[in-house]
Amino acid sequence: MLPEVTATRYVTPLREGGSLPGLVEADDLGTYVMKFTGAGQGRKTLVAEVLCGRLAQRLGLRVPELVRTWLDPVIGLSEPDEEVQELLKASGGLNLGMDFLPGSLGFDPLAYQVGSGEAGRVVWFDALVNNVDRSWRNPNMLVWHGDLWLIDHGATLIFHHNWPTARAAAERPYDASDHALAPFAPDVEEAAAALAPRVTAELLAECAAEIPDEWLVDEPGFADADQVRAAYTEVLASRAPTIHERIALGEPSKDGPSQAPGWLTGKGGGAK
């Protein structure tokens, strides 16, 4: 189970994303980027963060440590921003925190070079979980102490927004043409050879076990939280062995619109 902390002070909102995460201090004296169940995307964003974050870590990719974070909405009473107040009021109880990396910088391909091996592992992983939000427009990567760190996996596992079609998701291709690491000649074949055999049903089940029951209960079509966990495991286990064969690396778009869904970009309902 993920470590558990209690938020003791809301520090400031982080307005880079539509879900309005916030920086909080906790009772373990740590500082965390907190994502809230009351945000527009709801609890499935947090489910994706946990499952993908833990899987990435188990595969040797750098992701900030995750913690279960308890929130008493009273800590937001002094917050002057009404939007933040409403978000905190709607998020009482269990939320998700990610370790804050002080001094980290947003990934810039002109300032930080990535080897083809590391680029291939990241692209392969993003293809596995169908990450639509690691493009050159919004890399969702940080550089900290000279290393590349992956953040923000809420826009992955798109299939869980429509479970009746989830099994077909295992066969869907992944267009990496606009991926932030596409310019670094990602070696996805090498990545697949190294990583795909490790993505077993057992490993996926271990990662899914860390998703709190509170975020899985009452999912339509499932009897209980364990059935939902098993469904995630089934889709990803089916996708892992051959997804590298369906990764497209073509010419990136220049100034066209983002291919991310409207709920993610803020152009659709529920993005705020």
Side-chain angles (χ1 to χ4, degrees), residues 1-108 112 133 138-156 206-216:
M1 181 181 294
L2 296 177
E4 190 170 293
V5 301
T6 298
T8 56
R9 186 169 79 93
Y10 183 86
V11 180
T12 187
L14 302 174
R15 298 185 179 276
E16 289 83 358
S19 62
L20 199 64
L23 195 65
V24 302
E25 294 175 349
D27 60 352
D28 66 344
L29 305 183
T31 304
Y32 299 94
V33 176
M34 189 169 176
K35 290 201 170 183
F36 301 94
T37 55
Q41 293 90 335
R43 65 188 186 183
K44 286 189 177 181
T45 297
L46 307 190
V47 170
E49 292 280 8
V50 172
L51 182 51
C52 294
R54 294 298 289 133
L55 179 59
Q57 289 175 331
R58 296 291 292 272
L59 295 177
L61 301 172
R62 302 180 196 89
V63 177
E65 290 298 328
L66 304 175
V67 295
R68 295 158 50 100
T69 308
W70 288 94
L71 172 71
D72 184 339
V74 72
I75 72 171
L77 291 179
S78 61
E79 171 59 43
D81 189 314
E82 292 185 5
E83 183 182 12
V84 172
Q85 284 189 21
E86 291 302 315
L87 177 61
L88 296 178
K89 289 177 183 177
S91 302
L94 185 62
N95 295 270
L96 182 66
M98 285 148 278
D99 192 25
F100 177 61
L101 306 181
S104 59
L105 300 174
F107 171 76
D108 183 342
Y112 186 84
D133 197 27
N138 186 31
N140 278 328
M141 292 182 287
L142 301 174
V143 177
W144 192 53
H145 294 301
D147 291 323
L148 191 68
W149 291 73
L150 310 182
I151 60 171
D152 288 350
H153 295 98
T156 60
E206 290 174 8
C207 295
E210 302 205 43
I211 305 170
D213 285 353
E214 293 92 328
W215 302 341
L216 298 175

Item to check | Spacing of CG belonging to L87 relative to CD belonging to E82, to within rounding of 0.5 Å | outcome: 13.5 Å
Next on the checklist: Measuring from atom CD of Q85 to atom OG of S78, what distance do you get when rounded to the nearest 0.5 angstrom?
Outcome noted: 8.5 Å
Item to check | Inter-residue atom distance T45.OG1 - F36.CZ, 0.5 Å rounding | outcome: 13.0 Å
Item to check | Partners meeting side-chain hydrogen bond (donor to acceptor under 3.5 Å, both in side chains) with E4 (sequence neighbours left out) | outcome: R68, W70
Next on the checklist: Suppose we screen for side-chain contact (heavy atoms from CB on, under 4.5 Å). Which residues come up paired with E206, at least two apart in sequence or across chains?
Outcome noted: R58, L203
What donor-acceptor contacts under 3.5 angstrom involve side-chain atoms of residues 141-154, with partners at least two apart or in another chain?
from	atom 1	to	atom 2	distance (Å)
W144	NE1	P102	O	2.8
D152	OD1	K35	NZ	3.1
H153	NE2	R134	NH2	3.0

Next on the checklist: Under the rule for salt bridge (charged side-chain N to carboxylate O under 4.0 Å, His left out), what residues qualify as partners of E214, not counting sequence neighbours?
Outcome noted: none
Next on the checklist: Run the salt bridge (charged side-chain N to carboxylate O under 4.0 Å, His left out) test against D27 and tell me which residues pass, sequence neighbours left out.
Outcome noted: none
Checklist entry - Is any side-chain heavy atom of Y112 less than 4.5 Å from a side-chain heavy atom of L105? => result no
Checklist entry - Which residues satisfy the salt bridge (charged side-chain N to carboxylate O under 4.0 Å, His left out) test with E86, sequence neighbours excluded? => result K89
Checklist outcome for this item: Closest heavy-atom pair, A7 versus I75, reported as atoms and distance to 0.1 Å, is CB-CD1, 4.1 Å
Next on the checklist: Could you measure the distance from the CG atom of D81 to the CG atom of L20? Nearest 0.5 Å is fine.
Outcome noted: 7.0 Å
Checklist entry - Who passes side-chain hydrogen bond (donor to acceptor under 3.5 Å, both in side chains) against R43, sequence neighbours left out? => result none
Checklist entry - Are any non-hydrogen side-chain atoms of L71 and Y10 less than 4.5 angstrom apart? => result no
Checklist entry - For M34 and N95, which heavy atoms make the closest approach, and how far apart are they? => result CE-CB, 3.4 Å
Next on the checklist: To check you understand the geometry: which heavy-atom pair defines the closest contact between L96 and L66, and what is its length?
Outcome noted: CD1-CB, 4.3 Å
Checklist entry - Mind checking what makes side-chain contact (heavy atoms from CB on, under 4.5 Å) contact with T31, not counting sequence neighbours? => result L23, E25, F100
Checklist entry - Nearest heavy-atom pair of L88 and G76: which atoms, and what distance? => result CD1-CA, 3.3 Å
Item to check | Partners meeting side-chain contact (heavy atoms from CB on, under 4.5 Å) with D99 (sequence neighbours left out) | outcome: Y32, P64, E65, L101
Item to check | Residue pair T69 / V5, side-chain heavy-atom distance below 4.5 Å | outcome: yes
Next on the checklist: Test of understanding: with side-chain contact (heavy atoms from CB on, under 4.5 Å), list the residues that count as partners of A208, not counting sequence neighbours.
Outcome noted: L51, I211, R229, T233
Checklist entry - How would you list, by chain and number, every residue that makes a side-chain hydrogen bond (donor to acceptor under 3.5 Å, both in side chains) with S91, sequence neighbours excluded? => result none
Next on the checklist: Using modelled atom types and a 3.5 Å cut-off, is there a donor and acceptor pairing between side-chain atoms of D133 and backbone atoms of N140?
Outcome noted: no
